[in-house]
Each structure stands twice: as structure tokens, then as C-alpha cells.
Amino acid sequence: MTKCFSFTASRDWWYRYIFSYAGLKSVTTNLGEGTTMHCWIPKITKPAKPNLVLIHGFGANAMWQWGNYLRSFIPRFNVYVPDLLFFGESYTTHLERTEHFQAQCLKKLMESFQVQKMSLVGVSYGGFVGYSLASQYPDAIEKIVLCCSGVCLEEKDMKDGLFKVSDLDEAASILLPQTPDKLRTLVKMSFVKPAAAKTAPSYFLRDFIQVMCTHYIEEKRDLIQNILKDRQFANLPKITQPTLIVWGEEDQVFPLELGYRLKRHLGDNAELVVIKNAGHAVNLEKTKEFLKHLKAFLIDNVPVHDQNSHNSVKDNINSKNNGDY
């Protein structure tokens with residue numbers, strides 16, 4: 001069946017249609033020095049609107065991760081959805097694999113669109129890049145949302161057993177699945193109720209892997225390695241922009257402890273919202289609830305310290321302060 005028809009490729013085509021129909025166009029930009037980045041940008045940019053950048057994480061491409069959110073944000077923002085380096089159509093011959101380099105390239109990309117100020121939402125690895133962008137270019141970033149993004153982890157956390165996986169090789173084998181079983185493991189770790197992965201035939205999973213998970217494997221492994229390499233929490237800069245931290249309560253990729261750690265690090269400038277019955281892929285698993293918090297923060301201009309949510313953990317932060325996560 002997969003020789004004649006690819007469900008994943010068809011779904012990918014459908015997302016391209018959705019993005020185009022929503023008013024975005026696909027643009028590939030040569031940034032020089034061997035670096036090319038792809039981004040969905042507004043067909044018509046309206047200067048009166050603020051700019052919003054949606055940054056994907058590992059997994060399916062940016063379209064799959066953000067397709068459900070366009071309708072809510074495009075009326076209010078000039079929306080930009082980039083592919084990070086080694087995802088989608090973005091690539092570099094540069095040897096650096098850090099989120100800092102990713103952020104520098106993304107900043108250069110946005111400058112090519114004459115975007116000088118923006119808010120951003122980063123999911124998982126996209127949050128690492130977004131945090132670095134906010135740190136390196138504080139005047140360019142107005143607000144930032146970090147979703148299940150363990151930016152405050154450090155190298156010793158792996159040795160201390162904070163994560164479900166035993167080492168980075170195991171993490172890479174799951175985050176970059178090459179077999180149906182590994183893909184099932186990834187979905188199980190990312191969702192609280194991964195029913196689809198349990199029932200999906202292996203040929204569907206192989207089709208997804210072939211279309212989505214076979215490009216730039218070594219380069220993506222390097223990205224994963226560089227997340228932890230020589231990383232120390234003490235060296236993490238403190239960003240000053242209003243920040244919303246969103247976490248799935250049952251995240252098995254970046255445990256919730258890292259969300260508390262980040263909240264303490266940023267202090268009153270940040271709010272941590274925990275979404276119940278959600279895992280690492282909270283943007284896909286709890287779309288309506290995630291969107292509610294994004295709109296309150298980005299559109300309704302509710303200050304982070306004034307957000308009134310039963311899932312807010314502001315009142316519980318002190319109870320976590322005894323743990324040095």
C-alpha cells in the first residue's frame with residue numbers, strides 16, 4: 001500500500017494547503033556562508049500588526065506542529081513559521097550545532113524580512129532556540145512563550161537520573177525514530193494517552209518515518225548532543241522579557257521539575273502554567289487549553305503575574321524551592 005500511497009506525504013500536502021489558504025507563503029532564503037533557511041511568511045505584511053514567530057521542536061515538521069494555531073493568530077499578528085536548521089528545507093554547511101547558532105541564523109532570517117521586533121513561541125527544542133534569541137537580542141523580543149522546554153537543564157542531570165532515558169544515544173534513538181517500535185516509544189513518552197501509536201499498523205509508522213525522520217539524521221544527533229554538552233545551570237543567562245512557561249504535568253521528556261527550576265530562575269518576570277493530563281506534546285495533546293493560555297498572554301495582554309488559571313502553579317512554587325532540580 002505504501003508503494004502506491006503515502007498517508008504522511010498526503011497529510012503534509014494538506015498542511016501546505018492550509019498554510020497557503022491561511023495567507024502564508026513558502027520562502028527559502030540564502031543567508032550566506034552555506035546557510036539556507038525556509039520560512040512560512042505573510043503573503044501581505046501589515047505594519048500595524050505585531051510580529052509572532054512560532055518555533056517548532058523535534059518531531060514532525062513545523063507545519064504539523066503549528067497548523068492548528070494559524071486561524072487564531074493570523075488575524076492579530078504577522079505570523080512567521082520557520083524551519084530550524086536541519087529541519088524541513090533549512091540547512092547549513094557550518095559545523096556549529098548549538099541553539100545559539102540556530103538563534104543567530106533565525107535572527108538573520110527575520111531581518112531579511114525587515115522584522116526587527118517580535119514575540120515568539122518555542123516548543124521543546126524550539127524553546128531552547130527562542131530562549132537564546134531572547135538572551136542574545138533582548139531588544140528584538142517583546143514576549144516569549146516556552147513550552148516544555150528544558151533550557152535550565154545541565155549535564156549532570158543525565159547522570160543524576162532526572163530523565164527516563166539512560167544516555168544521549170538512547171535519547172537520540174527515540175527522538176529520531178528509525179523503526180516503528182521506536183516511534184511508538186516516542187509517542188508513548190510524548191502523550192498521556194497515545195492511543196494512535198498503539199493501534200496504528202506498522203506500515204503507517206514506517207511511512208511516517210520514511211517521510212519525516214530520515215533526513216539529516218547525523219546533524220540532528222549532533223543537535224541533541226549539544227543540548228547537554230558542558231551545560232551548567234549556573235551559566236544560563238536570565239532573560240528579562242515577559243515570559244509564559246507552559247508544561248505538561250506528565251512530561252516524560254523534560255520533567256516538570258525543570259519547569260519549576262526555570263520559574264525560580266526568571267522570578268516575577270515569568271509565570272508557570274501546568275496543564276493536567278498532558279505530556280511533552282502538550283501543544284498537540286491539549287490544543288484548546290494551550291491556545292487559551294497563549295491568547296491570554298499574547299493577545300489579551302494579561303500580565304504574567306495576573307493570569308488567573310486553576311492550572312497556575314504560582315502559589316505552589318515555594319513548595320518546590322527545597323528541591324534543587
Chemist: Rounded to the nearest 0.5 Å, what separates atom CZ in Phe163 from atom CE in Met158?
Modeler: 5.5 Å
Chemist: Mind checking the CE-NZ spacing from Met189 to Lys164? Nearest 0.5 Å is all I need.
Modeler: 7.5 Å
Chemist: Using the ring centroid of each side chain, check whether Trp64 and Phe208 are separated by less than 6.0 Å.
Modeler: yes
Chemist: Please tabulate, for the side chains in residues 24-31, all donor-acceptor contacts under 3.5 angstrom to protein atoms that are two or more places apart in sequence or on a different chain.
Modeler:
residue : atom : partner : partner atom : Å
Ser26   : OG   : His38   : NE2          : 2.5
Asn30   : OD1  : Gly32   : N            : 2.8

Chemist: Any donor and acceptor pair, going by atom type alone, linking the side chain of Ser112 with main-chain N or O of Leu109 inside 3.5 Å?
Modeler: yes
Chemist: Does Ile275 belong to the same Ile/Leu/Val/Met/Phe/Trp/Tyr cluster as Val192, with side-chain heavy atoms less than 4.5 Å apart forming each link?
Modeler: no
Chemist: Look at the side chain of Ser190 and the backbone N and O of Ala281, then say whether any donor-acceptor pair between them is shorter than 3.5 Å.
Modeler: no
Chemist: So which atom in Cys148 and which in Gly248 form the shortest heavy-atom distance, rounded to 0.1 Å?
Modeler: SG-N, 3.4 Å
Chemist: When the ring planes of Phe73 and Tyr69 are compared, do they come out parallel, tilted or perpendicular, using 30° and 60° as the limits?
Modeler: parallel
Chemist: Locate the shortest heavy-atom distance separating Gly67 from Ile18; write the atom from each residue and the value.
Modeler: O-CG2, 4.4 Å
Chemist: A quick test of your reading: do over 12 heavy atoms of other residues, nucleotides or ligands sit less than 6.0 Å from CD of Gln210?
Modeler: no
Chemist: Tell me, with the steps shown, if Asn61 and Asp12 meet side chain to side chain donor-acceptor pair (under 3.5 Å).
Modeler: CA-CA 9 Å; Asn61 63 35; Asp12 200 59; 2.8 Å; yes
Chemist: Taking all atoms of both residues into account, what is the closest heavy-atom pair of Thr92 and Glu33, and its distance?
Modeler: OG1-O, 4.4 Å
Chemist: Which pair of non-hydrogen atoms, one from Met110 and one from Val53, has the smallest distance, and what is that distance?
Modeler: CE-CG2, 3.7 Å
Chemist: Does Arg231 reach the main-chain N or O of Val151 with its side chain, forming a donor-acceptor pair under 3.5 Å?
Modeler: yes
Chemist: Does either side chain, that of Thr98 or that of Glu96, offer a donor lying less than 3.5 Å from an acceptor on the other one?
Modeler: yes
Chemist: Sequence neighbours excluded, which residues qualify as side chain to side chain donor-acceptor pair (under 3.5 Å) partners of His215?
Modeler: none
Chemist: I need the Asp300 CG to Lys292 NZ distance, nearest 0.5 Å.
Modeler: 12.0 Å
Chemist: Is the side chain of Lys117 donor-acceptor paired with the backbone N or O of Asp139 at a distance under 3.5 Å, no angle test?
Modeler: yes
Chemist: Would you say Gln136's side chain and His100's backbone share a donor-acceptor pair under 3.5 angstrom?
Modeler: yes
Chemist: Does a side-chain N-to-carboxylate-O contact under 4.0 Å join Lys108 and Glu111?
Modeler: no
Chemist: Does the pair Leu262 and Tyr131 meet the rule for a side chain to side chain contact (heavy atoms under 4.5 Å, CB included), with working shown?
Modeler: CA-CA 11 Å; Leu262 181 58; Tyr131 194 98; 4.1 Å; yes
Chemist: If you measure from CD on Gln178 to OG on Ser173, what distance do you get to the nearest 0.5 Å?
Modeler: 10.0 Å
Chemist: Crowded around Lys43 NZ? As in, over 12 foreign heavy atoms under 6.0 Å?
Modeler: yes
Chemist: Tell me which one of Phe58, Phe87, Phe86 satisfies ring-ring contact (aromatic ring centres under 6.0 Å, His included) with Tyr216.
Modeler: Phe86
Chemist: Do the side chain of Glu285 and the main chain of Gly279 share a donor and acceptor less than 3.5 angstrom apart?
Modeler: yes
Chemist: According to a hydrophobic-cluster definition based on side-chain heavy atoms being under 4.5 Å apart (Ile, Leu, Val, Met, Phe, Trp, Tyr only), do Tyr21 and Trp66 belong together?
Modeler: yes
Chemist: Other residues, nucleotides and ligands only: do more than 12 of their heavy atoms fall within 6.0 Å of NZ on Lys49?
Modeler: yes
Chemist: With a 4.5 Å cut-off on side-chain heavy-atom distances among I, L, V, M, F, W and Y, is there a chain of contacts connecting Ile227 to Leu95?
Modeler: no
Chemist: Go through it in stages, so that I can follow the logic: the residues are Ser6 and Asp207, the test is side chain to side chain donor-acceptor pair (under 3.5 Å), and I'd like the CA-CA distance, side-chain angles, deciding distance and then a yes or no.
Modeler: CA-CA 6 Å; Ser6 169; Asp207 175 58; 2.8 Å; yes
Chemist: To the nearest 0.5 Å, how far apart are CG in Leu266 and SG in Cys152?
Modeler: 8.5 Å
Chemist: Step by step, work out the side chain to side chain contact (heavy atoms under 4.5 Å, CB included) result for Asp157 and Glu154.
Modeler: CA-CA 6 Å; Asp157 288 331; Glu154 50 187 343; 3.7 Å; yes
Chemist: Indicate the atoms forming the closest heavy-atom contact of Ala134 with Ile141, along with that distance.
Modeler: CA-CG1, 3.7 Å
Chemist: Just wondering, do His56 and Leu84 contact through their side chains at under 4.5 Å, heavy atoms?
Modeler: yes
Chemist: With rounding to the nearest 0.5 angstrom, report the NZ to CG distance, Lys229 to Asp222.
Modeler: 9.0 Å
Chemist: With side chain to side chain contact (heavy atoms under 4.5 Å, CB included) as the test, would you mind laying out the steps for Met37 and Leu85 before giving the verdict?
Modeler: CA-CA 7 Å; Met37 291 193 75; Leu85 297 174; 3.8 Å; yes
Chemist: Ignoring hydrogens and geometry, is there a side-chain-to-backbone donor-acceptor pair from Asn78 to Lys46 under 3.5 Å?
Modeler: yes
Chemist: Are Ile44 and Leu52 co-members of a hydrophobic cluster defined by side-chain heavy atoms under 4.5 Å apart?
Modeler: no
Chemist: In terms of side-chain heavy atoms, does His280 have a donor or acceptor partner in Ser124 at a distance below 3.5 Å?
Modeler: yes
Chemist: Please step through side chain to side chain donor-acceptor pair (under 3.5 Å) for the pair Arg184 and Ser202, ending with a clear verdict.
Modeler: CA-CA 10 Å; Arg184 289 188 178 97; Ser202 291; 3.3 Å; yes
Chemist: Quick one: do Tyr91 and Leu176 end up in the same hydrophobic cluster if we chain Ile, Leu, Val, Met, Phe, Trp and Tyr together by side-chain heavy atoms under 4.5 Å apart?
Modeler: yes
Chemist: Side chain to side chain contact (heavy atoms under 4.5 Å, CB included), that's the test. Do Tyr125 and Gln102 meet it? Break it down for me.
Modeler: CA-CA 11 Å; Tyr125 180 69; Gln102 291 265 19; 3.5 Å; yes
